[in-house]
Amino acid sequence: MQSEILLRWIVLVPLLGAVVNGLLNRRLAKRVSGFIACAAIGVSFGLSVVVFLRLTGMDAEARVVNDILGTWLQIGGFHVDIGFAMDPLSAVMALVVTGVGFLIHIYSLGYMAHDDGFQRYFAYLNLFVFAMMTLVLGENLVMLFVGWEGVGLCSYLLIGFWFNDQANASAGKKAFIVNRIGDFGFLIGLFLIGANLLPHLAPGEGVFSFAILQHHAHLLAPAATGICLLLFLGATGKSAQIPLYIWLPDAMAGPTPVSALIHAATMVTAGVYMIARLNFLFVLSPTAMAVVAAVGAVTAIFAATIALTQNDIKKVLAYSTVSQLGYMMLACGVGAFTVGIFHLMTHAFFKALLFLGSGSVIHAMSNEQDMRVMGGLRSKLPVTYATFMTATLAIAGVFPLAGFFSKDEILWKAWESGNTVLWAIGFLAAGLTAFYMMRLVVLTFFGENRASSEVRSHIHESPATMTGPLVILAVLSVVGGWIGWPHFMGGGAWFENWLAPVFAVGEHGVAAHGAVAHHAADSTMEWTLAVVSVLWAVLGLILGWFVYYRRAAIADSFRKAGGGFVYRVLLNKYYVDEAYDAAFIRPGYRFSRQVLWKSVDAGLIDGLLVNGSALVVYLLGSVLRLFQNGMIRFYAWTFTIGVAVFVLYLSFSS
Amino acid sequence: MAMITDHILTWVTFVPLLGAVALWLFGRREGPARIFALAVSLVDFVLSLHLWFHFDAARGDDQFVERVAWIGNGQVSYHLGCDGISLVLALLTTFLGPLIILSTWKAITSRVREFLAFFLLLQTAMLGTFLARDMLLFYVFWEAMLIPMYFIIGIWGGQRRIYAAVKFFIFTMVGSVFMLVGILYLFFQSGSMELTSFLNLNLEHNAQLWLFAAFFLAFAIKVPVFPLHTWLPDAHVEAPTAGSVVLAGVLLKMGTYGMLRFAMPLFPQGVAYFAPAVSILAVIGIIYGALVALVQPDIKKLVAYSSVSHLGFVVLGLFSLNSLGVAGGVFQMLAHGLSTGALFLLVGVIYERRHTREISEFGGLAHVMPLYATFFMIATLASIGLPGLAGFVGEFTILLGTFTSEFLPAARVMAILAATGVVLGAFFMLWMVQRVFFGRLANDANKNLPDLSWREVVVLVPLLVFMFVLGVHPGLVLDKVDLSIQKVLAPLEAQLVPHSPAGHAAIPGGGEEGAPAILLVNSDAEDLR
């Protein structure tokens, strides 16, 4: 393994930017502040490219470089390093995070230009990139966890960025707490690894180092199911899967570029990354893999149904993100880690674009997010419209846009795994995706504008700092998938080859488990499914167009179907938040207050035991009233004299 | 210089006392008295740095030892020593000293001289407690601490200060009496008050159980361990800010320190017998403290209950009985001293401005006091164990140590239950922060609050800096304590046998019915695989 000192700077330069912006804050002019923040991420991206190029020049099997800064923890034989490593997987992540991150920083220059907290915003945003890069480049599982919690903190700070509104602060807190529940699982998973591995290691060997973990994976086999399910609990928090997805829709309270960067393109994919990173562990447990696949598939369709009814443009995109993350989980669960990461990347392009586009819309509509008062923005926001439409086609999976290649391959891998139920769920959700996205586009960009004349008079296309990133992301949303052009279509599948060394064990492991029955599958089936899924996506788009543009009456009849019951359930997100509130939060609070504090603490312990025994002492003491004059000084003196007598006794006893 | 360095422990311990006496005699004017006290505490801190830089971490034994026969033929001696554990706690004490004195500049305005003298006296008592190696000397320091603390709460405290002070005094006193009986018993067995002679006693099984119980009770009240904690919230709420800071920052650690230094190595069979029960109490304390903190309407009381939760982690770590957990416990003592010390200082800042600590009185403070809000947020994050800050290192190693404990039955269940405290801790702290700092600035009384003054910044920044330093580079402390912990644990390891799956292990030299619980097959651990 070669050493590469640039790695630390990829991580630390954004931290430096955050520190400068954080400490100097208002003392920096907005222009300077913005420049520092963007430059920091730009440098980080540049360095990532440099190291990536170095990796490409190496032998496929040897593509790992690392940079160990020193020891973080050393207790007895237990050892954890502070260090970074880049292999093909973390290279992809680093490029996506710093690349998309850079574009979103640029976009933020325009979007946040008039905000009072401009410098604070960029300090947080840089800090986020620092934490995310720690997560991605961390050399061991503890470093990954440090980054994992760090991105959670930045998410918390940025969701509640406009803290004047308690609702925003609540959304931030909810994100942090729900993620903490996931992290609880993550931590226990770490401990279980430690408990199983520590007795077998030489003192000083880094138990959580990925290289060591992979080397000793067989020792973890007996506990693999427990470990992987616990780690997966962490992933359901960070990557917003059932049952912990509830924080992500609320997280839309943050500024829209934050939604794009953190809550769509990068941070929420951390769970997928973690599972892919530990592919050699997950494949040891078919049970865990099945759970990952099932949760992913169910989340994909569950969130897609909610997205059908939401009226807030960002809420639709949020549920769409939850749904797309489900696809990535599904891919990992069927052992197709490469494809999961592939979709992670293409999704980062088109979903970041969708959010930034919605930001451009919101900006133009004087901060309005309700699609019911939008409409007809196509002509007024031509660049936003064109790029948004591109992203919509990409996420729907239209050939040859980026989303087609990744989503189609996930469905194919699901089919290939032999579990047609998983495939069917994914397929159904794909149709829903196309439908709700077209609904969003129609409501926003087509028809008559339904805003007040006041708002309407202010509608304008966004400045170049905002439209520039839109155009670049639109290009990536088109061509980004081509690096994974599959074999059956005569492509080279470069992406798959690039990641092959990382997943050699993992994907081979699944094959060995017999999940893949017909590996040399006939390409006829692959062609058929691909064509069907493109047609299915186009059908979804056309239906969306037809229902919401041509025949609005149909949409009304949807709403009223079944007495409006289905619509209400979907609109209210299956009442999951309310259920959690009623099941955990309220009873927990009441129990703590009435039982623990008022009854146990004040009543039982203090009232009965403490004051009760005081009372007993008092009653006994009334007999010995002479000594009990209630003066603390008297007690103190008695005590002091007592000690003195004792000391004297000792002196004379010798 | 040699005169100082040869008796460095005496100097470090007694310089504050000298200062107190001088204040008492000469400190007529308020201003000079403050500066004098501050100077004394700074000198003491500088002296203690000598310990830090000359301590040889490659040895785990007592260093800078001073020993003079005191009473009898050396049956009782003036014996001070400093190993890694004592070192870091003594440093914590001398580090917090000047900061606390500086924090009282505006807060303590009546009987300033007396206050400062009591505080310096307290410093001497606490330092002596951490450095004494003779049991009588230890006991004298231990009890001496009570008197200044009693007056600090009772004179400069809030409305119910007398109630709180008496409660604090009686609780601690009750526990100490049992320990005193234990010390006397040991003295009559060994004929000396030396800690080492106690360690060399071959106590029979039942005696170990009783003695452990007596010592543990004294220390558990001080920590405080659930259900002996009810004096703490009252003491904290009524104490002036400086009292709360020293209480949370240092005083509580005297309890956990006592467990580690005395109760555990002296009575291994007592440890074996009681460890399961102790760790259950610790886990209850972690969860219970967090849940009760959640519903507190008073910020200071909330932070007080959070201490119950955090100290539960420390106790759990110590009784995991392996080097990871114990090191984590020692580290958490420091981390908690920094973060909770800072939190009490911060609560004091707002109390000085508004004379209330009710959460409902606030809201939106981040608008008028952005720097204050930032500092509060950092201390909060350190308190809830965010990686990169000191609290995480302690919690992580304690939980990992507990989870992998070979001695504790159902160790994994304990660790998992304790880990829920990490979630709850984030919940109650962030919820409080939200209600105090975020939202609209609704209450008119808060509209013109000044942000932190320079003096307040100077008090807080050192604490914040060390939260980061210890979070990123915990080796600074862990390297100092590693060998010392191994040495303290050595008598235990010789006697405790890890429970093996076969379940046939026995304690060498143990009683017939000795420590059954700890030797049980760890069935829960098997289930979790």
Side-chain angles (χ1 to χ4, degrees), chain A residues 71-76 78 82 142 145-150 153 156 160 163-166 168-170 172-173 176-177 180-181 183-184 187-188 190-192 194-196 198 222-223 226 588-589 591-593 596-597 600-602 605-606 609-610 614 632 635-636 639 643 647 650-651 653-654, chain B residues 71-73 75-76 136 140 143 147 150 154 165-167 169-170 173 227 230 288 291-292 294-296 323-324 327-328 364 366-367 381 386-388 392-393 396-397 399-400 403-404 412 415-416 419-420 422-423 426-427 430-431 434 437-440 472-475 478-479 482 486 528-529:
Chain A
T71 301
W72 182 63
L73 262 184
Q74 170 85 49
I75 300 170
F78 176 76
I82 297 185
V142 177
F145 185 73
V146 170
W148 185 275
E149 290 264 292
L153 167 68
Y156 163 78
F163 57 79
N164 197 22
D165 190 344
Q166 277 286 2
N168 297 350
S170 286
K173 184 192 68 201
F176 198 96
I177 306 299
R180 267 273 159 134
I181 295 171
D183 297 348
F184 162 80
L187 266 183
I188 307 294
L190 279 184
F191 299 155
L192 203 49
N196 281 279
L198 275 171
Y589 185 84
F591 172 76
S592 302
R593 188 179 157 80
L596 292 186
W597 185 32
V600 177
D601 220 57
I605 300 177
D606 238 19
L609 298 180
V610 175
I632 199 79
Y635 298 141
F639 167 73
V643 171
V647 169
L650 288 177
S651 330
S653 71
S654 51
Chain B
I71 305 169
N73 297 326
Q75 283 173 312
V76 179
L136 185 67
V140 169
E143 290 291 9
I147 295 156
Y150 168 77
V166 171
K167 199 170 176 184
F169 196 94
I170 304 246
M173 215 41 203
T230 55
Y288 180 94
L291 286 177
V292 178
L294 179 70
V295 296
Q296 294 307 313
S323 57
L324 265 178
H367 292 287
L381 294 172
L386 191 86
F392 174 67
V393 181
F396 181 79
T397 42
L399 290 173
L400 180 59
F403 196 88
T404 57
R412 293 181 179 191
I416 290 169
T420 60
V422 176
V423 179
F427 192 10
L430 290 181
W431 193 34
Q434 180 190 342
F437 291 99
F438 300 148
R440 283 184 317 111
V472 176
H473 184 43
L478 291 174
D479 291 348
D482 201 7
Q486 288 181 28
L528 273 168
R529 268 173 207 283

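Please read all numbers here as calculations on a predicted model, not as lab measurements.
- Interface remark: B:A327 contributes side-chain atoms only to the contact with chain A (heavy atom separation under 4.5 Å).
- Of the listed residues A:D165, A:D601, A:I181, A:I177, the one with more heavy-atom pairs under 4.5 angstrom with chain B than any other is A:D601.
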One pair to check against side-chain contact (heavy atoms from CB on, under 4.5 Å): B:T404 and A:F191. What are the steps and the verdict? CA-CA 8 Å; B:T404 57; A:F191 299 155; 6.0 Å; no
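- For B:T420, the parts lying under 4.5 angstrom from a heavy atom of chain A are both the backbone and the side chain.
- With contacts defined as side-chain heavy-atom distances shorter than 4.5 Å, the pair A:Y589/B:V295 qualifies.
- The candidate from A:L190, A:L596, A:V146, A:V600 with the greatest count of non-hydrogen atom pairs under 4.5 Å with chain B is A:L596.
- Comparing B:G328, B:G154, B:P387, B:A366 by how many heavy-atom pairs each has under 4.5 Å with chain A, the most go to B:P387.
- A:W72 and B:P474 make their closest contact through O-CG, 3.1 Å (heavy atoms, listed as atom of the first residue, atom of the second, distance).
- Heavy atoms closer than 4.5 Å to chain A are found in both the backbone and the side chain of B:F396.
- When heavy atoms are compared at a cutoff of 4.5 Å, B:L399 approaches chain A by way of both its backbone and its side chain.
- Of all the listed residues (A:L73, A:V142, A:T71, A:L187), the one sharing the greatest number of non-hydrogen pairs under 4.5 Å with chain B is A:L73.
- Contact annotation: the side chain of A:I188 never approaches that of B:R412 to less than 4.5 Å [non-hydrogen atoms, C-beta and beyond].
- For B:L386, the parts lying under 4.5 angstrom from a heavy atom of chain A are both the backbone and the side chain.
- Listed by chain and residue number, B:H367, B:F438 satisfy the ring-ring contact (aromatic ring centres under 6.0 Å, His included) test with A:F163 (two or more places apart in sequence, or in another chain).
- Between the side chains of B:Q486 and B:S323, no donor N or O sits under 3.5 Å from an acceptor N or O.
- For the pair A:I82/B:H473, no side-chain contact is recorded, criterion being any heavy-atom separation below 4.5 Å from C-beta on.
- Interface residue A:L153: only side-chain heavy atoms are found under 4.5 Å from chain B.
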